[in-house]
Amino acid sequence: MRILRAAGETVEVHNYIDNTGVQVADVVVGFMHLENRTLDDIRALADRPATTRAESFDYYCWELYSRVGAWYEEDKARLELRARTLHEIEEGGNPTAEIGEFISSRIVDCHLDTMARLDISYDLLARESEILHLHFWAHAFEKLKASGAIVFETEGRNKGCWVMKAEDETAQGAEESEHDADKIIVRSNGTVTYTGKDIAYHLWKLGKLGLDFHYRMLRHDHHDREVWITTGDESAAQSNHPPFGNGTAFLNVIDVGQSYPQANVKRGVMMIDHDERVARSAHLAYEKVTLTPAAAVELGMELSEADAQRQQIGMSGRKGLGVKADDLIDRLEENALREVQARHTDLDIERQRHIARQIAVAALRFFLLKFTRTSIIAFDFNDALSFDGETGPYIQYAAVRANNIFRKLGRTPDEARADFKAITAEQCNEIFSGEGGDDLWSLVYFAARLNEVMQVSAAGFEPTHIAKYAFQLAKQFNLFYHSYHILREENETRRQCLLMVADLTRRRLEKALSLLGIETPERM
RNA sequence: GCGCCCGUAGCUCAGUUGGAUAGAGCGUUUGGCUACGAACCAAAAGGUCGCACGUUCGAGUCGUGCCGGGCGCACCA
C-alpha cells in the first residue's frame, strides 16, 4: 500500500471480516456447548482486566478454538452442532447470532490493536454479514443469470445447481474425470457458495453492483485516522463517510492456497464486467509462514520422527500451533529495550521504550519483507529475533549514524546544505574526481536509484525489492562511514561534500524505510 | 490424473527485460574501537545454480522431459 501510493496510485485498504464463517461458529460452539456460557458470561470474560497476554480475550478464543477442534475429533457427530450454529449466525436475529456478533466484534478490536503495534491500519472493514443481509448476492445473481455466466443444470452430477461452466469444456472430454471443472455457485438447496458471495463483493468493489453498504465509524487508529466498518443497521449508519469502493481495479492479498477460488471469482466478475481494469486486477498471492522443526519444538509441540525430518511444519490454528504476533512483538520489544538501555542510560524510560518499539517493528517487518511473496517463509526464532546483519535494525542504524553526524556537527542537514551552496562547481568537481571520488560517486549513484527501484517494486507488487535495496544502501553507507571520517576531515570543501553525500544517503534510507513501514529512531 | 509454486554456498535467501570472474545474511576462522557509538567494518574458507536435452554468439534466467519437496483441484469458507 505504501509503495503503491508512493508510485502515484490511489489505494483503499480494506480488510474482509468473515464474521459468519466456521471459525466464528466454532468459537461460539466452544463458549455455548463446552463452557455453557451465556452472552453475559462472555461479555464479562472479555471485559475483565487482563494482566497477562494469556488472559486477554483473543488469546482465550485462540485456545478455545483449538479445544473445539479436538472436541470435534473425539466425536464427528458433534460437527452437526457447527452446521447448526453456522446456520443460526447466517440467519441472524437469535441468541446464537448475538453471541457470534459479540465475539467477532471483540476479536476485530483485538486484531486492530495488534496490527497497530506493527503500524498497520485499514480504511474500511467490510463484513460478510452485510454482504448477506444487504442482498448483495441477490443482485449479483440476477446479473450473472442475465449475462449467461451461470447456468442451471437439469441433469448430471450437478443437477439442481447453478454452475459456472469450465472454460475449456470440450477439452475436458472425459465425463468420468474424478474432479469436476465446473464451479457450483448456487447449491441444489438454493444456498449460495463462498465463490458466489465473493463475486458479489467484487462487483461492489468495482462499483458494478448497484448497491452499497451502510457505514459507521468504528474508531480512530494509532495515527488518529478514521477506521470505518460496514453495518447492516441503517439507523446506525453515518452518512459523512469517505467514498468507498468504485475502484478501477482490485488486488486481493490472500495466500496462494486460495488461488483456485480466486481464479473463479475473477472469472465470474469478468463475465459481467469485461474490462481491462478488471483484467488488471489480480489475486496477489503470497506464501505462508511455516515453522522450522526447531521453532515448533520451542512452541511446545511434540515432534513425530517424520515431522523432525521435514523442512517445515505448517502452523495450524485448529491445532493451536502457531506464533502469536503479540508474543513475538513482546519478545522483540524486550530484547530491543535491553539493548537501548545498555547504550542510552541518559534517555528517560518512555523514550527508551519508544525506540525499542520502533526497533522491534523494524525487525519484524523487515523479516517478513526480505522474502519474495512466493517463497515459503520458514520461521526460525533466532532469525526473526535478530538485530544483526540483513535486518531492519541494521538499516535503521545506518540512518541513525548519518543523523548522528549532523547532531555532533551541531548543524541540521538543511543548514549544512546551505553551506554547501557556497561551494563552486569546480571545487566540487575536484573533490569528486580526486582521491576516493569513485567511492563517493558510487554511493551517490546508488542512493539515486531509489525511485527506479520503487517503480519496479510497485509494478511487480514485490516489496522485497525495496527491502533488499534499503539493505544494500545501508551497507554501502556503513562502508563510506568507516572509510571517511567526516568530522575529522580538515579540508573544509571536502568535508562539506562528504556531508552532502551523507545527507543524500540519509534521506534515501529514511524514505526507503518509510516505504517499508519502518521509522527511523532518534538514537540507537 | 490435472493445475500452481519451489529446488542457487553448511543454513536462510536475492538474482530486474537472457550478458562479462553467480551475490547477500547467518554460521565458521582471523583482524579492527582514545567512539561522526562495534546493533559496525575488513579479510578468508565455502557453489557441477536438482538432472538431461534443446533454442541462442551467450542460459541461474527461455522451451521440453525427468527427479525431489510444498500446495490446490467441495453442493467448506
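None of these values were measured; they are calculated from a predicted model. Proteins come first, then strands; the chains are lettered A, B, ... in the order of their sequence lines, and each starts at number 1.
RNA chain B is contacted by Arg488(A) of residues 488-508 of chain A, taking any non-hydrogen atom closer than 4.0 Å. Near RNA chain B, meaning a heavy atom under 4.0 Å away, the residues from residues 475-485 of chain A are Lys475(A), Asn478(A), Leu479(A), Tyr481(A), His482(A), Tyr484(A), His485(A). The stretch residues 337-345 of chain A touches RNA chain B through Glu339(A), Val340(A), Arg343(A), His344(A), each having a heavy atom under 4.0 angstrom from the strand.
Applying the Watson-Crick and G-U wobble criteria (two distances, each under 3.5 Å), rG3(B) pairs with rC71(B). The nucleotide rC53(B) finds its pairing partner in rG63(B), both defining distances of the Watson-Crick or G-U wobble pair being shorter than 3.5 Å. Base pairing of rA42(B): its partner is rU30(B), meeting the Watson-Crick or G-U wobble criterion (both donor-acceptor distances under 3.5 Å).
When the P atom is compared between rU12(B) and rU56(B), the two are found 38 Å apart, to the nearest whole Å.
You'll find that the side chain of Cys161(A) is closest to rC75(B), out of rG70(B), rC75(B), rC36(B). Among the nucleotides rC36(B), rA74(B), rU12(B), the one closest to any side-chain atom of Lys408(A) is rC36(B). Between rC13(B), rA77(B), rG70(B), one nucleotide has an atom nearer to the side chain of Tyr194(A) than all others, and that is rA77(B).
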Audit row: Phe367(A), Ser386(A), side-chain contact (heavy atoms from CB on, under 4.5 Å) steps and yes/no: CA-CA 9 Å; Phe367(A) 176 76; Ser386(A) 173; over 6 Å; no

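Within the 4.0 angstrom heavy-atom criterion, no nucleotide atom of any strand lies near Asp383(A). Within 4.0 Å (heavy atoms only), Gln258(A) reaches at least one base atom of the nucleic acid. Residue Ile184(A) is in base contact, counting any heavy-atom pair closer than 4.0 Å across all strands shown.
Tyr260(A) has no side-chain polar atom (N or O) that falls below the 4.0 Å cut-off from OP1 or OP2 of rG72(B). Side-chain N/O atoms of Arg401(A) include one lying less than 4.0 angstrom from OP1 or OP2 on rA38(B). Dashed line: the shortest gap from a side-chain N or O of Asn189(A) to OP1 or OP2 of rC75(B) is not under 4.0 Å. For Tyr394(A), no side-chain nitrogen or oxygen approaches OP1 or OP2 of rA24(B) to under 4.0 Å. The side chain of Thr372(A) contributes an N or O atom lying less than 4.0 Å from OP1 or OP2 of rA14(B).
Atom CD of residue Glu519(A) and atom CZ of residue Arg365(A) lie 10.0 Å apart, to the nearest 0.5 angstrom. Between atom CE of residue Met454(A) and atom CG of residue Leu4(A) there is a gap of 10.0 Å, rounded to the nearest 0.5 Å. If you take CG on Leu144(A) and CG on Leu203(A), they are separated by 7.0 Å, rounding to the nearest 0.5 Å. With rounding to the nearest 0.5 Å, the separation of CZ in Phe250(A) from NE2 in His283(A) is 11.0 Å. Atoms CD and CD1, on Glu339(A) and Ile359(A) in that order, are 8.5 Å from each other to the nearest 0.5 Å. The distance from atom CD of Gln23(A) to atom CD1 of Ile103(A), rounded to the nearest 0.5 Å, is 13.0 Å.
Summarising the geometry, the separation between CZ on Arg523(A) and P on rC36(B) is reported as 14 Å, rounded to the nearest angstrom. Here the P atom of nucleotide rA14(B) and the CG atom of Leu368(A) are 13 Å apart, to the nearest Å. Rounded to a whole Å, the CD1 atom of Ile377(A) is 19 Å from the P atom of rC26(B). Counting to the nearest Å, the P atom of rA14(B) and the CD1 atom of Ile466(A) are 16 Å from each other. Distance CD1 (Ile185(A)) to P (rC75(B)): 10 Å, rounded to an integer number of Å. Between the CG atom of Leu132(A) and the C1' atom of rA77(B) there is a distance of 12 Å, rounded to whole Å. Residue Glu90(A) contributes atom CD, which lies 8 Å from atom P of rA77(B) at whole-angstrom precision. When the P atom of rU16(B) is taken as reference, atom NZ of Lys468(A) falls 13 Å away, rounded to whole Å.
Here the shortest heavy-atom pairing between Arg506(A) and Ala402(A) reads CB-CB, 3.7 Å. Gln455(A) approaches Ala7(A) most closely through the heavy-atom pair OE1-CB, 4.3 Å. The two residues Phe406(A) and Ala416(A) make their nearest non-hydrogen contact at CE2-CB, 3.8 Å.
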Atom pairs under 3.5 Å: protein N/O with N/O of nucleotides 4-11 of chain B:
residue, atom, partner, partner atom, Å
rC5(B), O2', Thr374(A), O, 3.4

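His344(A) is linked by a side-chain contact (heavy atoms from CB on, under 4.5 Å) to Val340(A), Asp346(A), Leu347(A), Arg523(A), counting only residues two or more places apart in sequence or in another chain. The side-chain contact (heavy atoms from CB on, under 4.5 Å) search around Thr85(A) returns Ala25(A), Val28(A), Val29(A), Ile89(A), Thr96(A), not counting sequence neighbours.
Although no hydrogens or angles enter the test, the distance criterion places a donor-acceptor pair under 3.5 Å between the side chain of Asn19(A) and the main chain of Ser129(A).
When the nearest nucleotides of RNA chain B are assigned to His465(A) and Ile486(A) by heavy-atom distance, the more 5′-ward of the two goes with His465(A).
Counted by atom type alone, Asp414(A) and Thr412(A) present zero donor-acceptor pairs between their side chains at under 3.5 Å. Checked by atom type, the side-chain pair Gln476(A)/Gln472(A) shows no donor-acceptor distance below 3.5 Å.
Both tests do not hold together for Lys197(A) against Tyr201(A): distance to the six-membered ring centre under 6.0 Å, angle to the ring axis within 45°.
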